[in-house]
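Reminder, nothing fancy here: chain letters follow the sequence lines and each chain counts from 1. Bear in mind the structure is a predicted one, so any value in this text is a computation, not a measurement. Just so you know, these numbers use all the heavy atoms, side chains as well, and skip hydrogens, waters and symmetry mates.
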Amino acid sequence: MDQAHQRAIAVIAHIDHGKSTLSDRLLQLTGTVSDRDMREQFLDRMDLERERGITIKAAAVRMRYAAPDGAEYQINLIDTPGHVDFGYEVSRSLAACDGVLLLVDAAQGIEAQTLTNLYLAVDAGLEIIPVLNKIDLPAAQPERYAQELASLIGCDPADIFRISAKTGEGVDELLEAIVSKVPPPKGDPDAPLRALVFDSVYDAYRGVIAYVRVVDGRLQRRQAIRLMVADFAADADEIGIMAPDAQVVESLETGEVGYVIAGIKEVALAKVGDTITSADRPAGKPLPGYREPKPMVFAGIYPIEGDDFPELRDALDKLKLNDAALVFEPESSTALGFGFRCGFLGLLHMEIVRERLEREFDLELIATAPSVGYEIELMGAQKQIVRNPTDMPDPSKIEAVYEPYVSVMVVTPSEFVGTVMQLCQERRGELKEMHYLSTERVEIRYHMPLGEIIFDFFDQLKSRTKGYASLDYEPVGMYPSNLVRVDLLLNQQPVDAFSTIVHRDKAYDYGKTMTERLRKLIPRQMFDVPIQAAIGSRVIARETVKAKRKDVLAKCYGGDITRKRKLLEQQKKGKKKMKQIGAVEVPQGAFIDALRVDADLDAGAKS
Amino acid sequence: MADPGFGIYVHIPFCKHRCHYCDFNTYEGQDDLHASYADALVKEVRRWDGPTRSATSVFFGGGTPTLLPSHQLGLVLQAVRDRHGLSEDAEVTAEANPETVDEAYFTALLEAGFNRVSVGVQSLVPKVLVGLGRTHPPEVALRALDAAHRAGFDDVNADLIYGSPWEEDEDWVRSLEGVIDSGVAHVSAYALTVEEGTPLATLVRSGRTPGVDPDIQARRHDIASQLLGAAGFARYEISNWSRPGRASRHNVLYWSAGEYLGFGAGAHAHVEGERWWSTRLPRDFIAAVQADSSTTAGSERLDDDARAGEALMLGLRLRTGVDLDGFSKRFGASPLSKRTGTLDRLREVGLLELSGSRLRLSDRGTLLANEALCELL
């Protein structure tokens, strides 16, 4: 279709603000899905089906819209991933659009993440169409939140669309506005091909499916293509669109959105943000804005059964095919055996990976406490990256330690401003900005170490604000901090899995909490076992597991020696299963328990 | 190792009340079985057709042997005498519950050929007895000990339980002093063990009763050693003290990995390297005997090395320990040489000590015996 009649949009919305329902109405009103085939949350269900073996993801849907002016338009609805860890992916989805629908629940108002994405869209120069949804709800306060939105984007409250995606009220007008307000794509159809990869998934049968928007030129079936950043050549075996089912097409024209299958074996070769060009007539430079996925959070992942190590390796290799952001390398721990140090975009990414490893590969895993990546400046100006606390050099050799900081945005009802500020201050946050969205709601920005967020900051924020505050954050670089490594020593032997890097002011609390916890988990031995927390050689907290005094069977019943022997054999077997840390015998379960409660511990240590 | 003799164990699996901490093979409310059980025992003892020899010790345990009329116990003992023989100086013990005995009963036992009684005193402090679920007051136990002495028993043992959650140090001292004053020749003092499957274990798990504290039990064991030692008793096994020459031969037989036959429901036997045991339910036992079929429910035969390991596990419980020369003669040199590293380490950490050719648990090792013994199996 000619460029003038194309529109590409995304919906920016908080979870539960009605994105899926609005998509349903758009699909229905444009006749993309017939009333007969319509099911609730149509596109979400397609994703679920994909999990059961159908490959095409509803990353972008093409709709045909017959406008009241008589012309026919092609509207491409591009999906955006919905979490803080995937900010970069959101930015690429937005880069594939010309406009966004800013969809806000008329009973709740805008949330932090939506705000972040709104700012991304504004920065990208996209047309913003503000929409209040759920106006049919009794709790809706459209006037109030229209005011809030209007002041945010600088428009008249009267220009804000008020719809009910559920009943369809106002959605017709919205469709018209998409056509009239969102500009058509500006690409050059005669220039060499440049197509932006805005999503990329791996399918076991077809290889990588790259979702693209053609910015310049034209993408044809069987064309020889090149991924410009990956510097990888391939042939476009199949080109298609989703409408909403996959349909093979011969070509994608300038401005059009679709998918490409080109026999690529892993998503790392077709990363989000890369540019596809023609191998024969390549573009001079790729589209701007590409960023390497950068792991921000690190944790050791270990199989609970040591024998499962090869299975864990295979599973990570397989996940990596579909996850360009996942990095991992083998490591070993005296307490936990053999495992992998893994890097993730953020906590959610970590949870997703772990859950997939356990669910899809049937592995039982234990993860160390997550940490961030530190930059250590050694005496003599050498630098070192530390992703595992045990790699941190001795304090005497350290000139300075840098840690990643994030810009944290919290949107909260104004009554919780004090609570939120207190929490952020406890986590070494520095207030940067406070902005009243309306008289009742505030946007607060803090400059804060990422390391302070990755434990339970979100949970704390939610519980202290009765669930009303929302959170978003983005990395802003490395800053020096007064950080130390706290080691836990069992009978003078360090237990690597518990070493952690914390701010000096919090070292004592961490040490105290961990020594107390371990005292309860380490069984009594034949001798007193000191449990110490130390910074370098300086002990900051100490507990003692008192020596066992009595372990003897009292009597023998009626000559039943067999039973006595079996009891002792069991005890012997139990001993063999113990991990030996120096002279101390520790059941594997003790370390696992200590790590499992780590989040609670952290809460205890920090609050 | 000198020949530790040959023993015969007879099990009486009945009690008037089952104590909530007890996991022995005993049953209450089966009074109607008592007579036929005693008959079955007599028949079982007499029909034995395996290897046997004169017994140096006979032990009637339970349950509560004295729940049966003394003449029934006498008939069983007579069967033992007839079929197996008793050596001249044989030790013949009956366990007794204080509530079931009086002087006349003890006199009858003595006349039937018993020469040693073991009385289940457990404690001499009312609140501790109540906690343990014992139904008799302290005086009844003291009266039973007195009755045994008056009937003419020289060898009287008092069984005590210490370290229950209802007991304080001074209660334990009171119990010890009471049995010492009663003139007994032997004291068995057992730390209360919360055994899986007992009502006590359920109570502890649900938090309705506090559990036992091994540190407190260790302290009570020390108290026992002090008081009994001062009164002229010597500890000859982890839980057993006696006046000079009054150690229980039957008890020592077990710890010496000696041979014994066992008769009755759930009774265990050990002869020529084979261990076997009878069916546990009294009803099944009676039925098997009446049907002239075997009462054996299970057996095991250990290989030579496992037998040696077991002999160490048992022998080290004795204060005299294990004579390594005798041990090597009995089991050959390899079991010891195989365990040299373990033995050295256990000596190094102070659980075992060697004096001459005798290996034994150190004072500290006595209460940590499991730690050492499990490694030697």
Does CG belonging to B/D303 count more than 12 external heavy atoms closer than 6.0 Å? yes
Bottom line for B/L314: the part with an atom under 4.5 Å from chain A's heavy atoms is side chain
Looking at A/K573, A/K572, A/K546, which one has more heavy-atom pairs under 4.5 Å with chain B than the rest? A/K572
What pair of heavy atoms forms the shortest contact from A/A554 to B/A191, and how long is it? CB-O, 3.8 Å
Distance (rounded to the nearest 0.5 Å) between A/L553 CG and B/I238 CD1: 8.5 Å
Atom group of B/Q217 that falls short of 4.5 Å from chain A, counting heavy atoms: both
Check each atom of B/D213 against the heavy atoms of chain A and say whether the ones under 4.5 Å are side chain, backbone, both or neither. neither
Applying side chain to side chain contact (heavy atoms under 4.5 Å, CB included) to A/R565 and B/E300, what does each step give before you reach the verdict? CA-CA 12 Å; A/R565 194 186 67 244; B/E300 65 172 357; 2.7 Å; yes
Under 6.0 Å from the OH atom of A/Y508, do we count more than 12 heavy atoms belonging to anything else shown? no
Please list, in residue-number order, every residue in residues 367-377 of chain B that has a heavy atom less than 4.5 Å from any heavy atom of chain A; write 'none' if there are none. B/L367, B/L368, B/A369, B/N370, B/E371, B/L373, B/C374, B/E375, B/L377
Between A/R549 and B/D222, is there a side-chain N and carboxylate O pair less than 4.0 Å apart? yes
How far does NE2 of B/H11 sit from CG of A/D560, to the nearest 0.5 angstrom? 10.5 Å
Residue B/L351 versus chain A: region with a heavy atom under 4.5 Å: side chain
Non-hydrogen side-chain atoms of B/R275 and A/T562 separated by less than 4.5 Å: yes
Taking B/Y9 for its side chain and A/G559 for its backbone only, find out whether a donor-acceptor pair lies under 3.5 Å. no
Using heavy-atom distances under 4.5 Å, tell me whether B/E195 contacts chain A through its side chain, its backbone, both, or neither. side chain
State whether the number of non-hydrogen atoms from other residues, nucleotides or ligands found under 6.0 Å of A/F361 atom CZ is greater than 12. yes
Of the backbone (N, CA, C, O) and the side chain (C-beta and beyond), which part of B/N25 lies under 4.5 Å from a heavy atom of chain A, both, or neither? both
Does any backbone or side-chain atom of B/S188 lie under 4.5 Å from a heavy atom of chain A? Answer side chain, backbone, both or neither. neither
What pair of heavy atoms forms the shortest contact from A/I561 to B/Y260, and how long is it? CG1-OH, 3.4 Å
Any chance NZ of A/K512 has more than 12 other-residue heavy atoms, nucleotides or ligands included, within less than 6.0 Å? no
Considering only heavy atoms, which portion of A/K575 lies under 4.5 Å from any heavy atom of chain B: side chain, backbone, both, or neither? side chain
Do you know the tightest heavy-atom contact between A/R524 and B/P214? NH1-CG, 4.4 Å
NZ of A/K550 to CZ of B/R364, rounded to nearest 0.5 Å, is 15.0 Å
